[in-house]
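Comments concern the structure below.
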Amino acid sequence: MSQTNKLKIFNDPIYGFITIPNALIYDLIQHPYFQRLRRISQMGMSYLVYPGAHHTRFHHALGCMHIMQKAVETLKFKGVSISQEEEDALYVAILLHDIGHGPFSHAMEHSIVEEVHHEQLSLLFMEELNKEFNEKLSLAIQVFKGDYPRKFMLQLISSQLDMDRMDYLKRDSFYSGVAEGNINSDRLIQMMNVQDDVLVIEEKGIYSVEKFLVARRLMYWQAYLHKTSVVAELILTKILKRAKELTQNGIVLPCSEPLQFFMQNKILVSDFNKSTVDKFSYLDDFDIMSAIKSWQFNDDYVLQNLCRMVLNRDLLKIQITEDKPNKDRLLAIKNEFMLSASITEKEAAYFVFKGKLKNQAYSKSSEPIYILKKDKNIEDVVAASDQMYLKALSKEVKKYYICFPKVVLGI
C-alpha cells in the first residue's frame with residue numbers, strides 16, 4: 001500500500017476533521033491492540049446516568065493526538081525547537097497513552113489484573129508494539145516514561161494540563177451533555193509556550209486555566225463521581241470479585257477464554273509477557289457484558305443478583321455523606337439483610353459496604369501548572385491568580401458512602 005493512502009482523515013464531532021500525520025500512526029491505529037479501544041467505553045458505567053455517554057477510548061485517543069498536533073504547531077510557531085523525531089514521538093506517545101485500559105476503563109482497573117495500573121499496561125503494550133515496528137517507538141516510550149531530558153514533552157502527555165485531560169473533559173462533557181465540563185481547548189493551546197524546557201501558559205491565558213480547573217472539579221462531582229455511576233461501577237467490581245471466588249472454588253462459569261484466564265490466574269505486572277499481553281488485548285466491554293448476561297441465571301445468590309442489578313439498572317441504594325458512616329448502622333443493615341435473604345455474612349458483604357470518594361481539581365503536591373509572567377518569570381497558577389477559589393480547588397475533598405439493597409428500606 002502506498003504511503004499516501006495512509007494519510008486518512010477522521011470526522012470527529014468535537015474537532016471536525018482529524019488528520020493522520022504519518023504512515024506509522026496509521027499502522028498503529030490499524031493494529032488490533034489499538035482497534036480494541038473501539039470496544040472499551042470511555043466513561044465506564046456513566047451511560048446508566050447519561051444515556052449519550054457511549055463514546056470509546058478509541059475516540060479519545062484520536063482526539064488527544066489531534067490536539068497534540070495543534071500544540072506542536074503552536075509551540076513551533078513560537079520558536080520552540082522540536083525535531084521531526086520528537087514530534088513523531090509525541091504523536092505516538094499520546095495516541096497510545098491509554099492503550100492499556102481494560103473493559104469499562106477505570107471501572108475495572110484493579111479487578112481483572114490486580115494491583116496493576118493501566119499506565120503500566122500501556123507501557124507493556126507499547127513495548128510489544130516497539131518490537132513489532134522495528135524499534136520505531138523507542139523515543140515515544142522514553143518520553144512516556146519521563147526518561148527524555150526535554151521535560152515539556154512529558155508534560156504535554158502527562159501533567160495537570162495535558163492533552164489527555166483537555167480531550168477527556170471536552171469529549172465527556174459533549175457526550176454526557178454535562179455542559180459545565182466544556183473547556184476552551186483551542187485557547188489553552190494557543191496560550192502554551194516553553195520556558196527552559198518547561199511547559200508554561202502565557203499570563204493572558206490564566207482565565208482559561210481557571211475555567212479548566214473549575215470544569216474539572218464540576219465534571220468529577222457531576223459525572224465521574226455521580227452516585228449512580230459510582231454504585232454501578234462498584235457492583236461491576238463486586239461481580240468480578242465473586243466470579244473469581246467461585247472460579248477458584250472449582251465452579252466453572254461460562255465466559256470468554258481470555259476472561260476465564262484472568263479469573264483463574266492471579267496475574268501480576270511481573271507475569272506479563274507477549275502471550276499475556278495478547279490475552280489481555282482480547283478483553284473488552286463485550287466479554288464482561290456477555291458474561292454478566294449469562295451469570296444472571298447462575299444458582300449463586302450473590303452473582304445472580306449483582307448481575308441483574310447492572311443489566312436492569314436496578315442498583316443498590318447509595319447514600320453519600322460528609323461524615324464517616326456509622327458502623328453500628330451499617331452492621332444493623334447487614335444483619336437485617338442476612339436474615340431476610342438467608343445468606344451468610346460474607347455474602348452479605350457484597351451488598352452492604354462502605355467507602356470514600358476523593359476529588360481534587362488541582363494538586364499542590366504534583367508539578368504545578370506554570371504561568372509565564374510578562375517579566376519572563378514563571379509562577380504556580382494558584383499564586384498567579386487573583387481568585388481565592390483556586391486555593392480551595394487545591395484542597396482534597398472527601399465524601400463517604402454506604403451501599404445497601406433497597407429491600408432493606410422496603411423500596
Side-chain angles (χ1 to χ4, degrees), residues 1-43 54-73 82 84-105 118-119 121-144 153 156-158 162-168 170-172 174-175 185 274 277-286:
M1 189 184 282
S2 68
Q3 184 162 326
T4 50
N5 284 349
K6 296 188 176 184
L7 303 181
K8 305 274 188 191
I9 55 172
F10 288 94
N11 195 351
D12 184 76
I14 292 164
Y15 308 116
F17 290 113
I18 291 177
T19 56
I20 294 179
N22 57 52
L24 174 61
I25 293 288
Y26 175 88
D27 291 335
L28 287 169
I29 289 171
Q30 284 295 91
H31 195 281
Y33 284 176
F34 192 82
Q35 287 293 319
R36 146 188 183 274
L37 297 181
R38 290 182 185 272
R39 302 185 299 277
I40 292 180
S41 57
Q42 169 79 6
M43 286 179 72
H54 273 292
H55 55 302
T56 65
R57 287 274 153 193
F58 183 87
H59 269 131
H60 167 60
L62 290 180
C64 290
M65 182 195 68
H66 173 73
I67 55 174
M68 181 66 87
Q69 287 172 274
K70 297 283 180 202
V72 168
E73 194 182 298
I82 300 172
Q84 191 58 55
E85 289 76 16
E86 288 173 329
E87 188 175 329
D88 292 344
L90 283 169
Y91 299 154
V92 169
I94 197 68
L95 182 77
L96 303 179
H97 78 284
D98 270 347
I99 200 168
H101 265 297
F104 293 102
S105 295
H118 76 269
E119 283 179 3
L121 289 168
S122 291
L123 189 55
L124 291 166
F125 272 103
M126 286 165 84
E127 283 165 351
E128 286 305 327
L129 287 166
N130 199 28
K131 291 175 200 163
E132 213 172 304
F133 284 87
N134 303 319
E135 309 297 315
K136 286 182 186 168
L137 280 64
S138 298
L139 185 56
I141 289 172
Q142 217 181 326
V143 172
F144 184 78
M153 289 177 67
L156 286 167
I157 292 156
S158 179
D162 56 24
M163 303 303 110
D164 174 37
R165 289 183 185 194
M166 262 190 236
D167 181 81
Y168 77 62
K170 203 168 174 62
R171 190 167 298 279
D172 296 350
F174 175 86
Y175 279 97
S185 54
K274 169 83 169 80
V277 169
D278 283 347
K279 280 195 176 74
F280 188 81
S281 79
Y282 299 138
L283 281 177
D284 53 51
D285 293 9
F286 294 91

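Numbers here simply count residues along the sequence, with the first being 1.
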key: Arg36 vs Ile40, side chain to side chain contact (heavy atoms under 4.5 Å, CB included): CA-CA, chis, key distance, verdict   = CA-CA 7 Å; Arg36 146 188 183 274; Ile40 292 180; 3.4 Å; yes
Do Tyr33 and Asp278 pass the side chain to side chain contact (heavy atoms under 4.5 Å, CB included) test, and can you show the C-alpha distance, the side-chain angles, and the key distance before you say yes or no?
CA-CA 8 Å; Tyr33 284 176; Asp278 283 347; 2.5 Å; yes
> Asn130 and Ser138: side chain to side chain donor-acceptor pair (under 3.5 Å), yes or no, with the steps?
Replying inline: CA-CA 7 Å; Asn130 199 28; Ser138 298; 3.2 Å; yes
- Task: Would you check, one step at a time, whether the test side chain to side chain contact (heavy atoms under 4.5 Å, CB included) holds for Asn11 with Ile18?
- Result: CA-CA 6 Å; Asn11 195 351; Ile18 291 177; over 6 Å; no
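No side-chain donor from either of His59 and Asp167 sits under 3.5 Å from a side-chain acceptor of the other. A donor-acceptor contact under 3.5 angstrom links the side chains of Arg57 and Ser105, judged on distance only. A donor and an acceptor atom, one from each side chain of Asp12 and His66, are nowhere located under 3.5 Å apart. Side-chain contact of Asn22 with Tyr91: a donor-acceptor pair under 3.5 Å is absent, judged by distance alone.
Gln142 pairs by the side-chain contact (heavy atoms from CB on, under 4.5 Å) definition with Leu139, Asp147, Tyr148, not counting sequence neighbours.
A ring-centre distance under 6.0 Å is not found for Phe125 and Phe34. Separation of the His97 and His118 ring centroids does not fall under the 6.0 Å cut-off.
Counting heavy atoms from C-beta on, the side chains of Phe104 and Met43 never come closer than 4.5 Å. The side-chain heavy atoms of Leu96 and Leu137, taken from C-beta on, include a pair separated by under 4.5 Å. Side-chain contact between Thr19 and Leu7 is absent, with no heavy atoms from C-beta onward closer than 4.5 Å. Between Gln30 and Gln35, some side-chain heavy-atom pair lies under the 4.5 Å cut-off. In this structure, Tyr15 and Lys170 have side chains that are in contact, with non-hydrogen atoms separated by less than 4.5 Å. Contact check for Thr56 versus Asp285: no side-chain heavy atoms found under the 4.5 Å cut-off. The shortest distance between side-chain heavy atoms of Leu156 and Ile94 does not fall below 4.5 Å. The closest side-chain heavy-atom distance from Ile25 to Leu95 is below 4.5 Å.
Atom CD1 of residue Ile20 and atom CD of residue Gln69 lie 9.5 Å apart, to the nearest 0.5 angstrom. Between Glu132 atom CD and Glu127 atom CD the span is 14.0 Å, to the nearest 0.5 Å. Atoms CZ and CG, on Phe280 and Leu124 in that order, are 10.0 Å from each other to the nearest 0.5 Å. To the nearest 0.5 Å, the span separating OG on Ser122 from NE2 on His101 amounts to 6.5 Å. Distance check, rounded to the nearest 0.5 Å: CG of Leu129 to CD1 of Ile141 gives 8.0 Å. Summarising the geometry, atom OH belonging to Tyr175 is positioned 12.0 Å from atom NE2 belonging to His54; distances are rounded to the nearest 0.5 Å.
Of all heavy-atom pairs between Ala93 and Ile157, the closest is CB-CD1, 3.4 Å. Across Arg171 and Gly63, no two heavy atoms sit closer than the pair NH2-CA, 3.5 Å. The shortest heavy-atom contact between Asp172 and His55 is OD1-NE2, 2.7 Å. What you find for Asp164 and Cys64 is that their closest heavy atoms are CA-SG, 3.7 Å. Taking every heavy atom of both residues into account, Lys131 and Glu135 meet most closely at CA-OE2, 4.3 Å. The shortest non-hydrogen separation linking Ile67 to Met166 is CD1-CB, 3.7 Å.
Stacking of Arg39 on the aromatic ring of Phe286 is not recorded, the 6.0 Å distance cut-off and the 45° axial limit not both being met.
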